[in-house]
There are 2 protein chains.
Amino acid sequence: MARNKRHLEPKVKKEEIELVAMALLKEKGYDNTSMAEIARSAGVAANTIYWYFENKDHVLIAVLNRVVSHAMEEVITQREQPLRTRVLKLIAQVESSGSLMTDVHARVRHSPKVQAWHDQFHGMVEQLAVAELVNAGVGPDEAQLDAKLLIYVIEGLLAHPHKLQEREQIIDQALKRIFA
Amino acid sequence: MARNKRHLEPKVKKEEIELVAMALLKEKGYDNTSMAEIARSAGVAANTIYWYFENKDHVLIAVLNRVVSHAMEEVITQREQPLRTRVLKLIAQVESSGSLMTDVHARVRHSPKVQAWHDQFHGMVEQLAVAELVNAGVGPDEAQLDAKLLIYVIEGLLAHPHKLQEREQIIDQALKRIFA
DNA sequence: CTGTATCTTGAATGCCAATCAGCGACGAGA
DNA sequence: TCTCGTCGCTGATTGGCATTCAAGATACAG
């Protein structure tokens with residue numbers, strides 16, 4: 001039935017799997033999305049995915065890279081906005097990727113690769129946050145710690161549902177406390 | 001082979017399962033502990049657990065209740081200590097239960113019962129934190145928000161590994177920012 | 001035309017949570 | 001003392017899952 005399609009899509013197949021996986025993982029989360037379902041949506045046999053990806057966690061990582069690089073592009077376009085606005089937009093942005101970030105934390109203990117991705121991602125975010133804070137007037141020695149505080153607060157907001165207004169209040173309070 | 005043991009242990013069996021499950025879940029986490037393993041350690045057949053608990057998440061909840069009530073007892077004995085000491089002790093305490101708290105966040109999306117447990121737990125912790133902050137001199141209107149900030153920072157510390165010294169620095173910075 | 005590397009697949013394998021249909025022990029009532 | 005229903009427990013099974021295996025199909029090089 002389904003034949004070899006190499007002549008049709010030479011290197012696009014992997015990309016298509018990633019796109020399909022991204023949609024499904026965003027919508028239903030890691031645990032509720034089976035490899036079989038990803039394969040079905042991509043129009044391939046279940047085990048075909050294993051030719052392109054070592055295992056399910058590697059699919060997750062590929063999806064995460066797409067999501068993050070897209071988010072970074074968005075962030076860049078907001079360069080002119082005040083910090084508060086950018087933080088709120090960032091949270092809304094990440095939230096639109098569903099439970100992906102929570103899934104990462106859950107998979108970190110199972111997969112060293114996801115662990116590594118997470119650590120590197122955290123490092124990058126912290127660097128960005130430190131730069132933002134220094135730029136906004138926080139002392140360089142304190143910026144390192146304040147960056148962690150801010151990131152953990154944002155993670156808390158992402159991990160727990162909040163009404164929009166409450167979320168803004170919390171961010172405002174955090175910024176107020178940092179820029180006392 | 002294994003016969004009915006009702007005459008031997010009337011209502012202790014459930015407790016034993018909980019104790020065994022607590023040890024295993026603390027040590028290896030939710031996903032890496034199978035029902036079969038819990039059963040084997042408790043000396044019963046795999047499906048016997050389902051006589052006492054609706055499903056695996058209910059076992060988790062029973063274990064969480066034990067862990068939390070034990071932690072609360074510990075907290076009470078620390079009543080005299082300064083806030084900073086108590087927070088650090090609390091973090092160390094929760095950390096000794098392994099990845100249990102992370103597991104809760106991961107299961108929240110799968111099980112409404114775990115969701116409910118989590119929400120109620122968060123409410124309780126927030127109440128305690130607000131009381132602490134008000135008692136330490138934070139304005140009552142701000143205490144609500146600061147409590148959330150502090151809790152999210154603590155959750156961040158629990159979710160990510162830190163050297164002891166770094167953890168203390170972060171807590172100190174958080175308290176410094178709140179009590180500016 | 002032939003061999004080799006590249007894709008793709010159907011059919012396993014093995015682990016897991018959860019279910020099913022009973023089996024033996026006890027306790028109440030005859 | 002009998003018996004019958006409920007309680008505590010069990011072996012066997014089911015269905016879903018990630019992952020592996022052996023082999024088929026395709027393209028390309030020589």
Side-chain angles (χ1 to χ4, degrees), chain A residues 1-18 20-21 24-25 28-63 103-104 106-114, chain B residues 1-21 24-25 27-63 103-104 106-114:
Chain A
M1 192 147 65
R3 314 253 106 179
N4 189 326
K5 290 165 192 159
R6 182 166 20 160
H7 56 293
L8 294 177
E9 310 121 81
K11 291 159 186 173
V12 194
K13 182 67 69 65
K14 179 171 183 174
E15 191 178 7
E16 194 187 322
I17 293 174
E18 287 183 17
V20 163
L24 288 172
L25 290 179
K28 318 200 313 164
Y30 184 93
D31 287 338
N32 290 323
T33 304
S34 72
M35 293 295 263
E37 195 176 356
I38 295 172
R40 196 175 337 115
S41 295
V44 297
N47 45 359
T48 295
I49 301 182
Y50 288 90
W51 199 87
Y52 295 99
F53 302 92
E54 219 172 286
N55 55 39
K56 194 178 177 183
D57 287 302
H58 282 66
V59 176
L60 174 64
I61 289 172
V63 167
D103 288 335
V104 173
R107 294 306 303 170
V108 154
R109 285 193 317 288
H110 301 298
S111 158
K113 297 288 182 104
V114 174
Chain B
M1 190 144 69
R3 312 254 106 180
N4 189 326
K5 290 165 192 161
R6 180 165 22 157
H7 54 293
L8 294 177
E9 309 123 79
K11 291 160 187 173
V12 195
K13 183 67 68 69
K14 179 171 184 176
E15 190 177 7
E16 195 187 321
I17 292 175
E18 288 184 16
L19 290 174
V20 164
L24 288 172
L25 289 178
E27 188 193 334
K28 319 201 312 165
Y30 184 92
D31 287 339
N32 290 323
T33 304
S34 71
M35 294 295 263
E37 195 176 356
I38 296 172
R40 196 174 340 115
S41 295
V44 297
N47 45 359
T48 295
I49 300 181
Y50 289 90
W51 200 88
Y52 294 101
F53 302 92
E54 220 172 285
N55 54 40
K56 194 177 176 183
D57 286 303
H58 286 241
V59 176
L60 174 63
I61 289 172
V63 167
D103 288 335
V104 172
R107 294 306 303 169
V108 155
R109 285 194 316 288
H110 301 298
S111 158
K113 297 289 182 102
V114 174

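We name chains A, B, ... by the order of the sequence lines, and we start the count at 1 in each one.
- Within the 4.5 Å cutoff, the side chain of D103(A) has no heavy atoms near those of the L25(A) side chain.
- Considering only the side chain of A45(A), dT9(C) comes nearest among dA18(D), dT10(D), dT9(C).
- Distance NZ (K28(B)) to C1' (dC16(C)): 13 Å, rounded to an integer number of Å.
- Rounding to whole angstrom units, CZ of residue R107(A) and P of dA18(D) are separated by 10 Å.
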Discussion item. For a side chain to side chain contact (heavy atoms under 4.5 Å, CB included) check, start with the C-alpha distance between N32(A) and R109(B), then their side-chain angles and the critical distance, and finish with the verdict.
Written reply: CA-CA 10 Å; N32(A) 290 323; R109(B) 285 194 316 288; 6.0 Å; no
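- Counting to the nearest Å, the C1' atom of dA18(D) and the CG atom of N32(A) are 15 Å from each other.
- Side-chain nitrogen and oxygen atoms of K13(A) include at least one within less than 4.0 Å of the OP1 or OP2 phosphate oxygen of dT8(C).
- The interatomic distance linking D31(A) (CG) with dC15(C) (P) rounds to 20 Å, in whole Å.
- When rounded to the nearest whole Å, the span between NZ of K56(A) and P of dA18(D) equals 4 Å.
- One atom, CE of M35(A), and another, P of dC16(C), lie 19 Å apart when rounded to the nearest Å.
- Of the listed nucleotides (dC7(C), dC16(C), dT10(D)), dC7(C) has the atom at the smallest distance from the side chain of W51(A).
- Between the P atom of dC16(C) and the NE2 atom of H110(B) lies a distance of 17 Å, rounded to the nearest Å.
- Here dC7(C) presents its C1' atom at 15 Å from CD of E16(A), a figure rounded to the nearest Å.
- Here Y52(A) does not reach the OP1 or OP2 of dC7(C): none of its side-chain N or O atoms lies under 4.0 Å away.
- When the shell of 6.0 Å around NZ of K113(B) is examined, it contains 12 or fewer heavy atoms from other residues, nucleotides or ligands.
- T48(A) comes within 4.0 angstrom of a nucleotide base, judged by non-hydrogen atoms across all strands.
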Practice prompt. May I have the step-by-step check of salt bridge (Lys or Arg N to Asp or Glu O under 4.0 Å) for D57(B) and R107(B), ending in yes or no?
Written response: CA-CA 8 Å; D57(B) 286 303; R107(B) 294 306 303 169; 2.9 Å; yes
